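Below: one structure, written as structure tokens.
Throughout, protein chains are lettered first and strands after them, A, B, ... in sequence-line order, and every chain is numbered starting at 1. In this text the structure is predicted, and so the values were computed from the model without any measurement.
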Number of protein chains: 2
Amino acid sequence: MPGVRSLNRHSPNTLMIRKLESIFKLTDGEKRVLQDLPVQVESLRAEQDIIRIGERASRSCLLLEGFTCVYKLTSEGKRQIMAVHVPGDMPDLQSLHLKVMDISIASIGPSVVGFIQHDDLREACEQYPRLTAALWRETLVDASIYRDWILNIGQRSAYPRVAHLLCELLIRLKAVGFAEDDSFHLPITQAELADAIGITPVHMNRVFQALRADELIEASRGKVAILDERRLREEGDFDPLYLHLINSVSA
Amino acid sequence: MPGVRSLNRHSPNTLMIRKLESIFKLTDGEKRVLQDLPVQVESLRAEQDIIRIGERASRSCLLLEGFTCVYKLTSEGKRQIMAVHVPGDMPDLQSLHLKVMDISIASIGPSVVGFIQHDDLREACEQYPRLTAALWRETLVDASIYRDWILNIGQRSAYPRVAHLLCELLIRLKAVGFAEDDSFHLPITQAELADAIGITPVHMNRVFQALRADELIEASRGKVAILDERRLREEGDFDPLYLHLINSVSA
DNA sequence: CGACGCCTTGAAGGCGCTCAATCAACGTGG
DNA sequence: CCACGTTGATTGAGCGCCTTCAAGGCGTCG
């Protein structure tokens, strides 16, 4: 069972505040409300469900460390991962207005999340309408990423698809300071990546080998290094417009 | 160029009001604000872009008649359609908070849309915060549909994929009263459907023939009839949960 | 050291693609 | 009223990306 612990460096909400601030300057009042939001921090093991499809949510979570993903199963038991979250993301913010979950959310690798009650969130938004706008915007960016995944899976072959996903992860991790030197820690199996890309684990492996052979990436035991980002973007037909990043150099 | 005309039966916003009312009862004040929202109605030819990727939007549109779709092109010129809208939908509501478009939106077949200035929308939302919630919810349902498309394209083969899409269209059209007798008018070419499903026009054609041979659908010249919805849902592994419909019999 | 999880590799087959030609429906102009 | 062009649906043949089904390798951990 998940233990409760306190974060060492920052208050849990610091990540969220920093992220929202990249959109527009928050007033002191807005910052204070966010800072005072009660957050229940929990550590998760790898592959642990946070919430499952069909359940009703009364709180949303903020990812603090590690990774989470959105997934869904077909009736035949095939899994599709529709999104991967990096620290600072709110994986199930949508449940604020869509009570019953249409997806499941799980941790990838060991992670730390903070739960915020919907009532608290709603109250903060009522007090400071710009928070509503900022959170709404977050969900809109999520939607934009979904759209790009549809394009990626629907129109590109396996190799560029993987390249595209890696470009996205790199830029998003850079944006929150979790990728140094174009390399990042990603405790995800090839099988899971395959589920996100819509291909077979076997084929995922072959694509990875091709990417390594082409000297685009290095990958081993949870560590991914992008060797040539420019060329990887070309191969993956990657344009970061859809991420709607603001103060980003690489975007 | 698109002509401007007035709608015969209802005020343009009636559709939107009816839709939002399915979520929660609107107060008279809320209804009045919506009713008074200045709407610029325009008729569109088939295949006409409403807004293109990279452009900045200062207004959003409400689909009144016909169909629109969200699409994006790869650098190789392949097109993926990520969403199809039915009357009552707001195809680019997202631009309210994401100014620069990450997608293009176009009409499918001749359509009628109403444009609403963002400033007007924002003002209405500030006056009546529940409108904000309702519109936010709309965009969240859009996102849920995107997710399901990722699952559909990523994990299912062509035949169930098409079945799934047809189920979705039927139920959404029913919800706004645009599908009588499990059949609906859909002025879309097989090539366009193929772009939405992520397959080739040629293969789309073969899947259609299979669906007809299995007596699941009838389709000719812009008219689609669902002959056996229960079985089509089975074949398409369709569960309408993700549509988050409220007062719907079939959901 | 044995078991387990994950990565890797091989071979065979199928789903969907590509390329191309034909057909059907419709609108247009002569 | 018909020849013609255009657009979309249909069909065929061949090929290739990716899947499926295995088996084997390798590192980690009890």
Within the structure provided, determine whether A:D239 and A:R233 are in side-chain contact (heavy-atom separation under 4.5 Å). no

Less than 3.5 Å apart, any donor N or O on the side chain of B:Q40 or B:E42 sitting next to an acceptor on the other? yes

What residues 152-162 of chain B contributes to the DNA chain C interface at heavy-atom separation below 4.0 Å is B:S157, B:A158

Going by atom types alone, do A:R161 and A:Q155 pair a side-chain donor with an acceptor below 3.5 Å? no

For a quick test of reading the model, state the closest non-hydrogen atom pair linking B:I150 to A:I81 and the distance between them. CG2-O, 4.5 Å

Separation of D:dA9 C1' from B:N205 CG (nearest whole Å): 6 Å

Mind running side chain to side chain donor-acceptor pair (under 3.5 Å) on A:Q80 and B:R156 for me, showing each step along the way? CA-CA 10 Å; A:Q80 174 69 41; B:R156 290 194 264 263; over 6 Å; no

Aromatic plane relationship, A:H164 with A:F238 - under 30° parallel, 30 to 60° tilted, over 60° perpendicular: perpendicular

Side-chain N or O of B:Q209 versus OP1/OP2 of D:dT11: is the shortest distance under 4.0 Å? yes

Looking only at side chains, do B:S144 and A:D102 share a donor and an acceptor under 3.5 Å apart? yes

Between B:S107 and B:T68, a side-chain donor and acceptor under 3.5 Å: no

If we check side chain to side chain contact (heavy atoms under 4.5 Å, CB included) with A:V113, which of these qualifies: A:V41, A:L62, A:L44? A:L44

In B/S/- notation (B base, S sugar-phosphate only, - none; protein heavy atoms under 4.0 Å), nucleotides 19-30 of chain D written 5' to 3' is BBB------S--

Can a donor-acceptor pair be found between the side chains of A:R79 and A:Y71 at a distance below 3.5 Å? no

Outermost DNA chain C nucleotides near chain A [under 4.0 Å, heavy atoms]: C:dC6 to C:dA11

Quick one, B:E47 and B:E192 - any side-chain contact, counting heavy atoms below 4.5 Å? yes

Cut-off 3.5 Å, no hydrogens considered: what does the side-chain donor-acceptor table look like for residues 209-227 of chain B, sequence neighbours left out?
{"residue": "B:Q209", "atom": "NE2", "partner": "B:N205", "partner atom": "OD1", "Å": "2.3"}
{"residue": "B:R212", "atom": "NH1", "partner": "B:A219", "partner atom": "O", "Å": "3.0"}
{"residue": "B:D214", "atom": "OD2", "partner": "B:Y159", "partner atom": "OH", "Å": "2.4"}

All salt bridge (charged side-chain N to carboxylate O under 4.0 Å, His left out) counterparts of B:R231, not counting sequence neighbours: B:D228

Divergence of helical axes at both termini of the helix from C:dT8-D:dA23 to C:dG30-D:dC1 - five pairs an end, 10° steps: 30°

Separation of atom CD in B:E47 from atom P in D:dT7, rounded to whole Å: 12 Å

